[in-house]
Structures are given as structure tokens and as C-alpha cells.
Amino acid sequence: MAAAASCSTSTRSTGSVVVAASRNSVTSFQRRGPRASGTDSGCSRLVSIAGTRPSVRNGQLLVSTGLPALDQLLGGGLAVGTVLLIEEDKYNIYSPLLFKYFLAEGIVTGHTLLVASAKEDPADILQELPAPLLDDNCKKECDEDICNHKTESNIKMKIAWRYQLLPKMEARPVSSSRFGHYYDVSKRIPQELIEASKWHGFFLPEKISSTLNLEPCSLNHGYIKLLQFIQNIIYEEGFDGSNPQKKQKNILRIGIQNLGSPLWGDDICWTENCDSNHSLTKFLYMLRGLLRSSLSACIITVPTHLIQNKAIIARVTNLSDTVVGLESFIGSEKETNPLYKDYHGLIHIRQIPQLNNLIYDVSDVKDLAFKLKRKLFTIEHPPTPTVLLPSQTSTSRGHSPVW
Amino acid sequence: MLESLLALGGLVLLRDSVEWEGRSLLKALIKKSALCGEQVHILGCEVSEEEFREGFDSNINSRLVYHDLFRDPLNWSETGETLPGGPLEALRALCRRTDPGPVTIALDSLSWLLLHLPCTTLCQTLHTLSHQDSCHGDSSPGEQVHVLGLLHEELHGPGPLGVLSSLAQTEVTLSGAMGQASAHILYRRPQQRLTHQMDPTTHLTFNLRLSKKEREAKDSLTLPFQFSSEKQQALLCPGLGQATSHIFYEPDAYDDLDQEDPDDDLDV
């Protein structure tokens, strides 16, 4: 059973290499995009956006979440126009990491970012993004651009004088045409990449003056302001097709942190029955409407472990498209479980959307664990209980099934 | 233990119960901060000022700035001594405080504030209060703001407790067994880079510095492969006579160079 499951995931990964999005491919194999999602001309125009590729299943345009392992589990990536909801782990250690991967991927592929938070200033969040790992292909593209510049060395080198006339390597903004990059969590993203990228920040304490006496209304004021902000950006920058003279289409990546916490002015983490029970659900409904009509993708982290009313959690899950839950082992009894000793937590893919198709998508991977190594965040299958023989406790992970 | 509690800035949540009271720990932390030279503001809501100041000696007492909300919280006597606007205004005044230097703000108690203020407003104000240092730019660790909040666990449900835990940088839960009090401390360390780097070249047992004579001797040393500038230029810019190197390669029978399928399309 375990072998079959791993086989199916590997075929999915080889099958999803779509070369159409890469500009430098020289190969006789060209995968034709399936025509399920609309007209051919629409498909070919959308494919030319950097950092996106059409899904092999239903032709939907996908963007990478920043973690190639997570992309694979979600069926190739996150569909444009949908919401990825991350249910935060208890101490909020790993969910900001997924949030930052998403934003870093946006910077590397040249997408526009919109970062909203009530806790941290968006500029600080951007400073803490992980640095991308550029492999040789990307470095070659970098060098081609750099060799065009003739640089003079004004520093006379004493020992390394043979290198004086070589052009200086600059960390120029890498507009990479690959889908899905790897990041080094131990390093910060270079400042030049942040400055070259386009981003908008929404920091709630700045936008709302706390001394105002606001009458209660059906939707929380913080949420109203955020929706207006997002709508303005989408309209002004033409992500919804409203500025037809803009030739180069781009994706807007929206990241909203800690939605539903009291810092946004929402009561749902406080009591079970509160007046603003429906604020968050209304916000999600309106946000999804905005996203569906524009070229954008959104990641939201919600502290569902704090929400007191389980019905709200169920509604929030239903109103989002893709839902990923993180459960960390810190402080729980699973920490001492020998199965999980190499891992830091479990990752649950709770929901995958059905977009433009009738096939009910059942994720066949039920148990996945993640671990945060010093540089990388990896998602793996933990060994199944039948594989570990009782005599092998700490050293080896059993390699053959008992049955 | 007290230093480690005050090491991270931000909100320190002290959770106590009827059996294991936390006000003495709060007072110990206040005393430690006052002895370190920090300004200490106290928002007293549950006990009277005299009772709170009991146990501190006079030099510490003179450093404490006490905001009294116990005697007349709703300002009924209208003497003008109490703060107008109640506890919320008092907290906001502390947020707007602009004098520099490290400061400790003790809230005695958060439970009282939770019962009298709307919860989201309190959370937002606490967050602003504990993150004041970020407004003043890049501050060294000495300029942190510590907010000490005393919370009585039994008065609140799991919702408020969970929310305040998630806001706090350090959480101390007092419990005990058989007459012996114990504290369970939880740290949330933000994964951030250090804003304050220590210079590693101080306090070394060997000398890393060069005197002027040593520096001159170092500069005048001729290194191998350090040619005269004419020779350097000659080597850097190859003239017409010199040929650049070429590699001639002829693939033999065992080489597989299929022009139609190079390895570029392998997405490995």
C-alpha cells in the first residue's frame, strides 16, 4: 500500500512538468494545454505570465506556493483566483514560514504583493523572507544579463589583480521563469530583490484610528478597510482587466496574517456566542468574490485553535478553497511518539477545491509530517506503524513491511 | 530566573490561581526592573496603593509611578485625582509616552481590565504597548518595553486565556504540589535576526591589531605573483599574438550526443 502510494505521487510529479511556461526550452516534446478551461487564445495569453503554469488536470492557471512539496500535494500548485487557508499551529511557529514562502515566491517570480497584518508591519515581514536558492539555470540567465553591462573596475586589487577586468556580479532581481523555487530559511532575502519588487502593505493599527467610536455594524471595521484596500489595488493596477492598455499581465499575491484574531478586532477567539459571529465568514465570502474576478491568489493564516465556536471553523473551511492545517508536536504527547521523532509536526490537507470539473478530488495522502531543518522545510510521509518492528526502536526505521 | 523572564521584551503573562498567588512574583519582577534602573509604571486596580507598596523599600518606592484605579475607578468623587477616561485612557496614555529609555509597565491585574474593557480593544492596546520599541526605530535590547500582566486563571474561560497566551512573549503559570510552588515558563522567541551584534574582537587573549610599523612592513612586502603593473596589464589584456585556449573534442562511439533531446528539459 505504501509503495503504491509513493508510486502515484512520483508519476504525478513527472507528469506535471509543463514546458510551455519556460521560455528557454529547446525540446521536441511540447505538452498541449487541455482545452477544458476556455478558448485557446485565452489560454495562450494567460500562460505567458511568469511564474504560472496551467494545471494538467483541468487547465486552471496555477501559481506556486513557494514550497514545491506543497505544490505537489495540492495538485500542481495554487489556482489563480482561490484562497489558501492555513490553520495555524498552536504556538504560531510554522505557519508564518508558509506565509513567507508564498510571499518570497512572489518576489522571485516578479508578482505584485499585498501584505496585510494586524500584528507586524508588512515592511518587517518582507525583511524576514527566506533567500532563494538559485541553481545553475537561473544563474546562467543572470549572467547573460550581466555580461551586457560593461563595468569598469575602479578598485585596484592587490592580490586578486587577475580578476580586475571581470564584470562585477550584481545581485540583480532575478526574474525566473521556473515554477517553484527552493529557499534557504537560514538566510534573508537580499535587499535588492525586495526593492525591485512591487508590494503594498496594510498594517491595521495605521489604517484605523483606535480612538474613534465606531458604531457596530455587521462587518468588522478592520475587515471593511482591508476589503476596500484590496479592491482599490486590484482596480488601480488592472488585475481585473479594467485597464486594457496594460500589456503585461501579472498576478497579485495577497497575504493576510492572523485573520480572526482579536488584533483585527474580531471576537470569535474570545467567546462562543458573540455579536460578530459572521464577520469573518462575510469577509471571506467577499474576498473570494474579489479574487475570482481578478488575477490574484491569496494566502490567509487563521488561528483556528483559538476559535471557540466549532461551527465558525467549519464555515471558514467551507468558504475557503484550499485548506491546509498545521499541527506541531511541541507540548503534545505526540512529541514522545517514536514514529514522529524526526518530525516537528503534522500537516493535514483538509480540503482541495473542485474548480471547473465534476471529479471529486480525494487526496490519497492521509498522514504527512513536516520538519523544519536548518535551511529547508520538508514534508514527508512518516513511517507507518506496521513498518516499525517492536524490536527496532531508535536506530533504524524498518524497511520491510511486517506483512 | 527573573532575568530570563525579563530577557525577551514584550508581554510577560503571569497566570496565577487562588492557591498560588502571583502578586508576589509581580512585585519581585518590579523590584528587579527598578534596581536595573528602568522606569516602572504600575496600573493598580485590585489592591490599594498602600498595600501594593508594602514590601518595597524607599528607594524603590520612589522610582515607581503609580496610577491608581482602585480607589475611585469611575471618578465619582470628582476630586480630579483619578485619571479621566478610566483604564482605557490610562493605557493609551502609557502608549503615547515618549520619554526614552527602558520601561516596565505592570498591570495589576489583567483580569480586572478584561472584565471592564472590551476584549478586542484591550488586545490591541496591549499589542501597541508591548511593541512600542519598534516605533522608535532600531533599538538596542536595553531599550525594551516590558509589560507584566497578572492574570487570574480561574476567572476566565479558555478563549481569553488562549488569546492572551498567543499575544504574550513569555508566559509563567504558577502551580504547585504539596505546599511547594512551582512555575512553568513558556517562551515564544521570535525568529528574528539580532539587531544588536556584539563585537567579537573585544576581550580576546591575543592581539589582533597592528601597530603603525607593522602595518608599513606588511604593505611593503612583495608577494609572489604580484608583478609590476606593466606585466599585470600585459597579462590581463592578451595581445594579438597570444592565442586564447581552445578545446578540440571529437566524440567517439561511446558518447551520446543526441541533438534532438538534450538534457535541458529535465526538470531535476
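Note that the structure is predicted; figures quoted are calculated from it, not measured. Labels below follow one simple rule: chain letters A, B, ... track the order of the sequence lines, proteins then strands, and each chain is numbered from 1. Excluded from the calculations below are hydrogen atoms, water molecules and symmetry mates; all remaining heavy atoms, backbone and side chain alike, are included.
Looking at A:Lys90, the atoms closer than 4.5 Å to chain B (heavy atoms on both sides) all sit in the backbone: N, CA, C or O. Of the two parts of A:Asp266, only the backbone, made up of N, CA, C and O, holds a non-hydrogen atom closer than 4.5 Å to a non-hydrogen atom of chain B. Heavy atoms of B:Leu167 lying under 4.5 Å from chain A belong exclusively to its side chain. Proximity to chain A is absent for every atom of B:Pro118, based on heavy atoms less than 4.5 angstrom apart. Using a 4.5 Å cut-off between heavy atoms, B:Leu186 touches chain A through its side chain atoms alone.
Residue B:Leu43 holds its CG atom at 6.0 Å from CG of B:Leu113, rounded to the nearest 0.5 Å. To the nearest 0.5 Å, atom CZ of residue A:Phe283 and atom CG of residue A:Asn220 are 9.5 Å apart.
Relative orientation of the A:Phe202 and A:Trp264 rings is parallel, given thresholds of 30° and 60° on the angle between their planes. Ring pair A:Phe370/A:Phe377 is parallel by interplanar angle, where below 30° counts as parallel and above 60° as perpendicular.
Your options are A:Ile307, A:Leu306, A:Leu263, and the one with the most heavy-atom pairs under 4.5 Å with chain B is A:Leu263. Across A:Ala118, A:Pro96, A:Gly265, the residue that shares the most heavy-atom pairs under 4.5 angstrom with chain B is A:Gly265.
A:Tyr91 and B:Ser166 form no side-chain donor-acceptor contact under 3.5 Å, judged by distance and modelled atom types alone.
Taking a cutoff of 4.0 Å between a charged side-chain nitrogen and a carboxylate oxygen, B:Lys218 and B:Glu214 do not qualify as a salt bridge.
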